[in-house]
Amino acid sequence: MLLGIAIGDAFGAGYEMQPRYGFTLYMDKYLGRNSIKPGCYTDDTQMSIAVAEVLASGSERSMWSFADSFVKCYSRDKRTGYTSGFTSVLNKCKNGQDLMFKVGGNSEKNGAAMRSVPFGILPKLEDALGAAIQSAIVTHNTKKGLMSAMCIAAASHYFYYNKGEPKDLIGYCIKACMGYDSETDAYLKEVDKMQGIDSNTLLKGNTGVPCDAMITTGAVLYIASRFNELKQVMMESVLLGGDTDTTASIAMGLSAIRPGLDTLSLFMLNDLENGAYGRDYLIQLGEKLFKKYPSQ
Ligand SMILES: [Mg+2]
């Protein structure tokens with residue numbers, strides 16, 4: 001799961017905000033973009049690590065502990081990929097309380113969804129949803145922000161605890177969120193009916209996946225529920241365009257839960273960054289989580 005998040009993030013980062021219809025081929029190596037070096041992940045993975053560390057530590061799953069962990073993870077390993085506004089807030093924070101007081105907290109973007117894959121490992125669905133809400137409240141305390149986080153936690157829980165077939169994933173997430181945000185609820189029902197990717201329905205007139213909580217959720221749930229091969233999950237995520245690192249990170253994190261990473265091209269694992277918080281660290285953290293919350 002964690003490696004899937006990082007690989008999707010690092011690979012997707014090379015394609016972020018490119019026009020959707022500009023691609024003619026699927027690149028088989030990482031592309032660097034701005035200051036994000038090839039193979040390096042961004043904010044999506046760092047925030048997923050932050051929530052995973054709280055889960056692994058067994059400490060209280062509160063907005064305060066998640067906020068603390070966001071600040072801690074950023075401070076020890078300053079990453080690009082966060083918005084400039086959030087970066088400047090993070091740079092001024094010493095702890096989670098600082099963050100809670102300094103950040104706007106009412107975003108409808110996809111930042112709460114992008115860090116919610118790890119929550120699915122909690123054995124009870126309501127705990128997974130509750131933890132996703134506590135994490136989301138820090139920055140995305142809006143109906144759409146909270147529902148996006150709950151949907152991704154539910155999706156991860158569905159795969160991790162083998163609750164059913166991938167094709168029934170979206171229905172499960174809709175049910176889990178109990179219509180919390182009516183617009184997202186109606187949108188996901190439409191997405192679930194799509195026969196193949198219909199960009200009018202899925203992207204709502206956007207030329208790629210925008211940094212929007214609801215549309216990002218629709219895109220990743222569609223991909224994770226309809227494509228089994230990880231390679232295809234990556235390709236579809238990138239080909240949707242827009243916020244590709246977030247789409248690929250969430251979709252790959254979810255999809256890697258089931259078959260694992262074996263079908264991926266080796267370069268994706270081998271060329272993933274392996275510094276202090278890179279590949280080996282992700283593997284260790286994943287093992288710790290699996291020990292604490294075994295899926296079977
Ligand atoms: Mg990112």
Side-chain angles (χ1 to χ4, degrees), residues 1 5 44 47-48 51-52 54-55 61-63 66 105-194 201-204 209-226 237 243 246-247 249-255 257-258 293 295:
M1 177 198 289
I5 290 171
D44 308 73
M47 292 194 105
S48 297
V51 307
V54 173
L55 300 182
R61 298 184 293 266
S62 69
M63 59 186 180
F66 291 123
N106 58 354
S107 171
E108 291 194 337
K109 291 179 166 185
N110 55 19
M114 79 185 189
R115 59 184 186 248
S116 291
V117 178
F119 294 124
I121 64 167
L122 291 171
K124 289 185 184 159
L125 175 64
E126 59 266 37
D127 290 341
L129 300 180
I133 288 172
Q134 289 299 313
S135 148
I137 279 175
V138 178
T139 48
H140 293 70
N141 195 2
T142 55
K143 286 223 140 195
K144 285 198 166 55
L146 297 181
M147 180 142 169
S148 69
M150 284 192 278
C151 275
I152 302 306
S156 161
H157 186 81
Y158 184 82
F159 282 156
Y160 194 72
Y161 290 103
N162 218 345
K163 298 281 182 189
E165 294 293 309
K167 66 175 174 50
D168 299 322
L169 174 73
I170 300 179
Y172 179 83
C173 296
I174 290 172
K175 207 172 151 204
C177 294
M178 297 184 288
Y180 182 74
D181 175 57
S182 53
E183 204 187 319
T184 305
D185 185 74
Y187 166 73
L188 290 178
K189 284 173 182 161
E190 283 303 304
V191 169
D192 202 18
K193 279 188 231 152
M194 287 191 318
T201 303
L202 190 65
L203 303 180
K204 288 187 159 279
V209 181
C211 300
D212 171 90
M214 180 178 85
I215 299 177
T216 299
T217 301
V220 298
L221 292 186
Y222 188 81
I223 292 171
S225 63
R226 301 303 196 272
S237 301
D243 194 3
T246 297
T247 308
S249 178
I250 303 173
M252 290 288 288
L254 292 175
S255 300
I257 295 170
R258 294 179 308 119
Y293 306 104
S295 56

Minimum-distance pair of heavy atoms, taken over all atoms of [X] and [Y]:
{"X": "Ile223", "Y": "Ala251", "value": "CG2-CB, 4.2 Å"}
{"X": "Leu254", "Y": "Ile152", "value": "CD2-O, 4.0 Å"}
{"X": "Glu190", "Y": "Thr201", "value": "CB-CG2, 4.0 Å"}
{"X": "Met114", "Y": "Asp44", "value": "SD-OD2, 3.2 Å"}
{"X": "Ala176", "Y": "Leu125", "value": "CB-CD2, 4.0 Å"}
{"X": "Ala153", "Y": "Ala132", "value": "CB-CB, 3.8 Å"}

Sidechain-backbone polar pair: [X] side chain, [Y] backbone, donor-acceptor under 3.5 Å:
{"X": "Gln134", "Y": "Ser62", "answer": "no"}
{"X": "Ser255", "Y": "Met252", "answer": "no"}
{"X": "Arg115", "Y": "Ser135", "answer": "yes"}
{"X": "Thr247", "Y": "Ser237", "answer": "no"}

Report yes if some heavy atom in the side chain of [X] is under 4.5 Å from a heavy atom in the side chain of [Y]; otherwise report no.
{"X": "Thr139", "Y": "Ser107", "result": "no"}
{"X": "Pro166", "Y": "Arg258", "result": "yes"}
{"X": "Met1", "Y": "Ile121", "result": "yes"}

Run the side chain to side chain contact (heavy atoms under 4.5 Å, CB included) test on Leu122 and Arg61 for me, step by step, so that the C-alpha distance in whole Å, both residues' side-chain angles and the decisive distance to 0.1 Å come before the verdict. CA-CA 11 Å; Leu122 291 171; Arg61 298 184 293 266; 3.6 Å; yes

Sequence neighbours excluded, every pair satisfying ring pair (Phe, Tyr, Trp, His ring centres under 6.0 Å) that has a member inside residues 107-134: Phe66-Phe119

Can you tell me which residue pairs pass the ring pair (Phe, Tyr, Trp, His ring centres under 6.0 Å) test with a partner in residues 167-194, sequence neighbours excluded? Tyr158-Tyr172

Checking salt bridge (Lys or Arg N to Asp or Glu O under 4.0 Å) between Glu183 and each of Lys189, Lys144, Lys143, which is the one that passes?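 Single salt bridge (Lys or Arg N to Asp or Glu O under 4.0 Å) partner of Glu183 among Lys189, Lys144, Lys143: Lys144.
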
Could you give me the CA-CA distance, side-chain angles and deciding distance for Leu221 and Val191, then say whether side chain to side chain contact (heavy atoms under 4.5 Å, CB included) is met? CA-CA 9 Å; Leu221 292 186; Val191 169; over 6 Å; no

We want to know whether Asn110 and Asp243 form a side-chain donor-acceptor pair, criterion being a heavy-atom distance below 3.5 angstrom.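 The answer is yes; a qualifying pair exists.
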
Mind checking the [atom1]-[atom2] spacing from [X] to [Y]? Nearest 0.5 Å is all I need.
{"X": "Glu108", "Y": "Asn141", "atom1": "CD", "atom2": "CG", "result": "11.0 Å"}
{"X": "Ser148", "Y": "Asp181", "atom1": "OG", "atom2": "CG", "result": "9.5 Å"}
{"X": "Asp185", "Y": "Met178", "atom1": "CG", "atom2": "CE", "result": "11.5 Å"}
{"X": "Ile5", "Y": "Ser249", "atom1": "CD1", "atom2": "OG", "result": "5.5 Å"}
{"X": "Lys204", "Y": "Ile215", "atom1": "NZ", "atom2": "CD1", "result": "6.5 Å"}
{"X": "Ser156", "Y": "Ile257", "atom1": "OG", "atom2": "CD1", "result": "4.0 Å"}

Verify side chain to side chain contact (heavy atoms under 4.5 Å, CB included) between Glu126 and Leu129, making sure each step is shown before the conclusion. CA-CA 5 Å; Glu126 59 266 37; Leu129 300 180; 5.5 Å; no

Is any side-chain N of the basic residue among Asp192 and Arg226 closer than 4.0 Å to the acidic one's carboxylate O? yes

Residue among Tyr161, Phe159, Tyr160 satisfying ring-ring contact (aromatic ring centres under 6.0 Å, His included) with His157: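 Testing each of Tyr161, Phe159, Tyr160 against His157, the sole residue satisfying ring-ring contact (aromatic ring centres under 6.0 Å, His included) is Tyr161.
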
Under the side chain to side chain contact (heavy atoms under 4.5 Å, CB included) rule, what do Ser225 and Lys167 come out as? Steps first, then yes or no, please. CA-CA 5 Å; Ser225 63; Lys167 66 175 174 50; 5.9 Å; no

